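Any value given below was found using the heavy atoms of this structure, including those in side chains, with hydrogens, waters and symmetry copies removed. A quick note: this is a predicted structure, and the numbers were derived from the prediction, not measured.
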Amino acid sequence: MYNYPIAVHLNKKSNAAFYKQLPVFLCFFICLVTFLFTFYFLNLMPITVLSWGFILFSSVFILSMNRHWAGYMLIIAIPLLNVQFMYMLGPNVTQQIFLKPINIVVFIVLCAFFFERMTNKYQQVKRVFPVFHLPIIVLCMWGIISESWTPAGIFGIDMGITFITNASLYFLISYYANSVEALKKTMLCWIVMSVFVAVFMFVSIIPGAKHMETVDIVGNFSMFSFFEMGLMRAEGLTDRSTAAIFISVAVLSAAGLASTTQKTKYKVFLFLAIAFLMFAFFFTQSKAPLAGLLVGVLFITPFIINLRKNLIRYVCYIGISFLLIFGTFFKIIGYLLQYTAAKGGVASRLVSSSAASEAVGDRFEYWSNVFNQLIYNGVYLSGFGIGGSTHYLHPVPHPHNIYISIVCDFGLVGFIVLGAVVFFVCNDVFYTVKKLPVGSTRTLLLCIYAGLIVVGVSSLSDFTYSFTIAWALLGLIAAAHKHIQNYTLVHNETVT
C-alpha cells in the first residue's frame with residue numbers, strides 16, 4: 001500500500017527518537033514505580049490515589065518525551081475501568097458522573113495534539129479528508145444538540161461526556177495511525193495490553209477478598225477503585241464482556257500478524273499470545289463475544305490460510321489446541337469448584353443454559369419496552385436524546401443493543417448515520433479484498449475489519465453507542481480508509 005513520503009519519514013524519525021530516549025523511559029518508570037510502592041507499603045497513600053498518580057504522571061511524561069506514543073496510550077487506557085473519579089449528585093447511578101482513565105488520557109492527548117499543531121514548524125502532511133468522517137461528525141453534532149431535549153438529566157450529562165471522549169478518541173486514533181507501520185504498531189500494542197488484561201482476569205477467579213476503596217476529595221467529588229476475586233466469571237480490570245471483546249480483537253490481530261511475519265521469534269510470541277488470550281477468553285463465559293469471535297474467525301481465515309493446501313493441517317492444529325485449552329479450563333474450574341464449595345462459596349462456576357435463556361428473554365423485553373416508549377412519545381425523527389433510552393428502562397442500565405440505542409436516542413439521524421457507516425465499512429472491505437495486492441498490508445486491514453465484526457455481532461445483545469472499543473476500531477478503520485484513498489489516488493495517477 002502507498003505511504004506518503006513525509007509520513008514514512010516522520011515514522012522513522014519517531015522510531016529513532018524513541019530508541020535514543022529508551023534509557024530515560026526506563027529510568028523514569030523504575031523511579032515512579034519505586035516511589036509508588038514505597039508510599040503504598042508505608043500506608044502513606046491509598047492504592048486508588050497511587051493508581052491515578054501513575055496514570056497521570058506516565059501519560060504526561062510519555063507525551064512530553066515522544067508525542068508519537070499518543071495512539072498507543074489511548075489503546076492502553078481503554079480497558080482500565082476499575083479506577084474512576086465520581087461526582088455524586090444523588091444516590092442512584094443515573095445521578096452520578098463518572099470519569100475513567102480513558103477520559104483523562106484523551107484530554108491529555110488532545111492538549112498535546114493542539115500544542116503540536118500550534119508549535120509545529122515542519123512541513124504539514126497534506127492529507128485527503130476521509131469521507132468516512134462525515135457520518136461520525138453528524139452523529140457527534142446531533143448527540144451534543146440532543147442534550148437540550150433528553151429526559152435523562154444528569155445521566156445525559158454523563159453520557160455526553162463519554163460521547164465526546166469517544167468521538168475524540170476516534171479522531172485521535174485516525175490521526176495518529178498515519179501510516180501502515182503505525183497501524184501495525186497500534187495492533188501490537190492492543191495485543192500486549194490484552195495479555196496484561198488477561199493476567200488480571202486470571203487473578204480475578206482466584207479465591208480471595210473483594211477490594212473496594214473510596215477516597216473523598218472535596219464535597220461530592222471522590223475517586224474509587226474496585227477489584228473482585230473469587231468470581232464465577234473472569235473480569236479483572238474491566239467487566240467480562242468488554243474484556244472478552246478486547247481480547248477477541250487481539251486474537252484476530254495476532255493471527256493476521258503471525259501469518260505475514262517472517263521472523264520466527266515474532267511468530268512464536270504471537271502464537272503463544274493467541275493461546276494465552278483464548279484461555280483467558282473462555283473464563284469470561286461470555287456467549288455474545290464468542291459468537292462474534294467465531295464470525296470474525298470465519299471472515300479472516302480464507303485470507304490468512306491457503307485452504308486448498310493447508311486446511312487439514314490447520315484444522316488439526318486448532319483442534320489439538322482447543323482440546324488442550326478446554327481440558328485445562330475444566331480442570332481449573334473443577335479445582336475452584338471444590339475449593340469454593342469447601343469454603344461454603346458458590347455452588348457452580350459455569351453459567352447454566354437456563355440463565356442464558358433468561359438473559360435472552362430479558363433483552364427482548366428491554367427492546368420491546370424502549371420501542372413502545374418511542375412510539376408513545378412520537379419522537380421518531382429526533383429520538384429520545386442522548387441517554388434517553390436508559391431513562392425509560394431504569395433501573396436497567398441500557399438497552400443491551402448498540403443499534404437500538406442509536407436509533408432510539410438519535411431517531412432518524414441515528415438511523416441514517418448507522419446506515420452510512422455500514423455502507424462505508426462494507427465498501428472498504430470490498431475494495432480491500434478485490435483491489436489491494438495480497439500482502440501484509442491487506443491482511444492487517446482485514447484483521448481490523450474482523451475486529452469490528454466481533455463488536456458488531458456482540459453488540460446485537462449488549463452495549464450502547466458509548467462502547468469505547470467500537471469507537472477505537474472505527475478510528476482504526478478511518479485510518480485504513482485514508483490509506484485506501486491514498487493508494488487509489490496514486491494507482492490512478494500511475495495508470496494515467
Side-chain angles (χ1 to χ4, degrees), residues 87 89-98 103 132-171 241 288 359-425 452 455-471 474:
Y87 188 71
L89 297 171
N92 298 325
V93 176
T94 54
Q95 296 174 312
Q96 300 164 2
I97 297 175
F98 298 93
N103 299 97
F132 197 90
H133 283 346
L134 290 178
I136 305 297
I137 292 173
V138 171
L139 185 65
C140 294
M141 294 175 62
W142 190 252
I144 295 171
I145 294 171
S146 71
E147 288 278 8
S148 60
W149 68 76
T150 179
I154 297 171
F155 182 74
I157 297 174
D158 180 64
M159 284 289 288
I161 294 172
T162 303
F163 193 72
I164 293 172
T165 299
N166 288 337
S168 303
L169 173 71
Y170 162 82
F171 288 109
S241 297
V360 173
D362 290 341
R363 277 158 173 72
F364 277 107
E365 184 179 349
Y366 304 154
W367 303 337
S368 175
N369 290 341
V370 76
F371 274 120
N372 288 337
Q373 288 294 334
L374 189 69
I375 294 171
Y376 177 78
N377 290 277
V379 287
Y380 311 106
L381 297 179
S382 62
F384 295 131
I386 190 166
S389 55
T390 298
H391 171 78
Y392 290 108
L393 287 173
H394 185 73
V396 178
H398 53 78
H400 289 81
N401 186 301
I402 199 170
Y403 311 104
I404 291 177
S405 68
I406 291 174
V407 173
C408 289
D409 283 4
F410 302 129
L412 181 62
V413 173
F415 179 77
I416 294 173
V417 166
L418 186 61
V421 170
V422 172
F423 171 78
F424 284 131
V425 171
L452 189 65
V455 174
V457 174
S458 304
S459 298
L460 289 170
S461 63
D462 208 347
F463 308 116
T464 66
Y465 49 84
S466 63
F467 188 43
T468 305
I469 294 178
W471 288 87
L474 284 175

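Across all non-hydrogen atoms, the minimal contact from Ala288 to Ser461 is CB-OG, 3.2 Å. The two residues Leu381 and Trp142 have their closest heavy-atom pair at O-CZ2, 4.3 Å. Leu89 approaches Tyr87 most closely through the heavy-atom pair CD2-CE2, 3.1 Å. Nearest heavy atoms, Ile406 versus Tyr465: CG1-CB, 3.8 Å. The minimum heavy-atom distance between Gly143 and Phe410, with the atom names listed, is CA-CE2, 3.6 Å.
Between the side chain of Thr150 and the main chain of Ser146, no donor-acceptor pair closer than 3.5 Å is present. No donor-acceptor pair under 3.5 Å is formed between the side chain of Ser459 and the backbone N or O of Gly456.
Taken from CD1 in Ile386 to CG in Asp158, the straight-line distance is 9.5 Å, to the nearest 0.5 Å. From Leu139, atom CG reaches atom CG of Leu134 across 12.5 Å, with rounding to the nearest 0.5 Å. With rounding to the nearest 0.5 angstrom, the CD atom of Glu147 is 7.5 Å from the CD1 atom of Ile164. Considering CG of Leu169 and OG1 of Thr162, their distance stands at 12.0 Å, rounded to 0.5 Å. Taking NE2 of His391 as the reference point, atom CE of Met159 lies at 14.0 Å (rounded to 0.5 Å).
With sequence neighbours left out, Ser241 forms a side chain to side chain contact (heavy atoms under 4.5 Å, CB included) with Asp239, Ser286, Asp462, Phe463. Evaluation of the side-chain hydrogen bond (donor to acceptor under 3.5 Å, both in side chains) rule for Thr165 yields Asn103 as partners, not counting sequence neighbours. In this view, Ser466 and Thr464 satisfy the side-chain hydrogen bond (donor to acceptor under 3.5 Å, both in side chains) rule, not counting sequence neighbours. Residues satisfying the ring-ring contact (aromatic ring centres under 6.0 Å, His included) criterion with Phe171, sequence neighbours excluded, are His133. In terms of the side chain to side chain contact (heavy atoms under 4.5 Å, CB included) criterion, residue partners of Leu452 (sequence neighbours excluded) are, by chain and number, Val425, Leu473, Leu474, Ile477. Under the side chain to side chain contact (heavy atoms under 4.5 Å, CB included) criterion, Asn369 pairs with Glu365, Leu393, not counting sequence neighbours. Here Tyr403 pairs with nothing under the ring-ring contact (aromatic ring centres under 6.0 Å, His included) rule; sequence neighbours left out. Applying the side chain to side chain contact (heavy atoms under 4.5 Å, CB included) test to Val457 and every residue at least two apart in sequence or in another chain returns Ala291, Val295, Ile453. Taking the side-chain hydrogen bond (donor to acceptor under 3.5 Å, both in side chains) definition, one finds that Ser389 meets it with Asp409, sequence neighbours left out. Under the side-chain hydrogen bond (donor to acceptor under 3.5 Å, both in side chains) criterion, Asn401 pairs with no residue, sequence neighbours left out. Residues passing the ring-ring contact (aromatic ring centres under 6.0 Å, His included) test with Phe371: none are found, sequence neighbours excluded.
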Q. Stepwise, does the side-chain contact (heavy atoms from CB on, under 4.5 Å) test hold for Leu374 with Val379?
A. CA-CA 6 Å; Leu374 189 69; Val379 287; 3.6 Å; yes
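Aromatic ring centroids of Phe163 and Trp471 lie under 6.0 Å apart.
Between Tyr366 and Pro399, every side-chain heavy-atom pair lies at or beyond the 4.5 Å cut-off. When side chains are defined from C-beta on, Asn377 counts as touching Tyr392, because their heavy atoms get closer than 4.5 Å.
Around the OH atom of Tyr380, the shell of radius 6.0 Å holds more than 12 heavy atoms that belong to other residues, nucleotides or ligands.
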Using distance only, find each side-chain donor-acceptor pair of residues 414-422 under 3.5 Å and give its atom names and separation, not counting sequence neighbours.
none

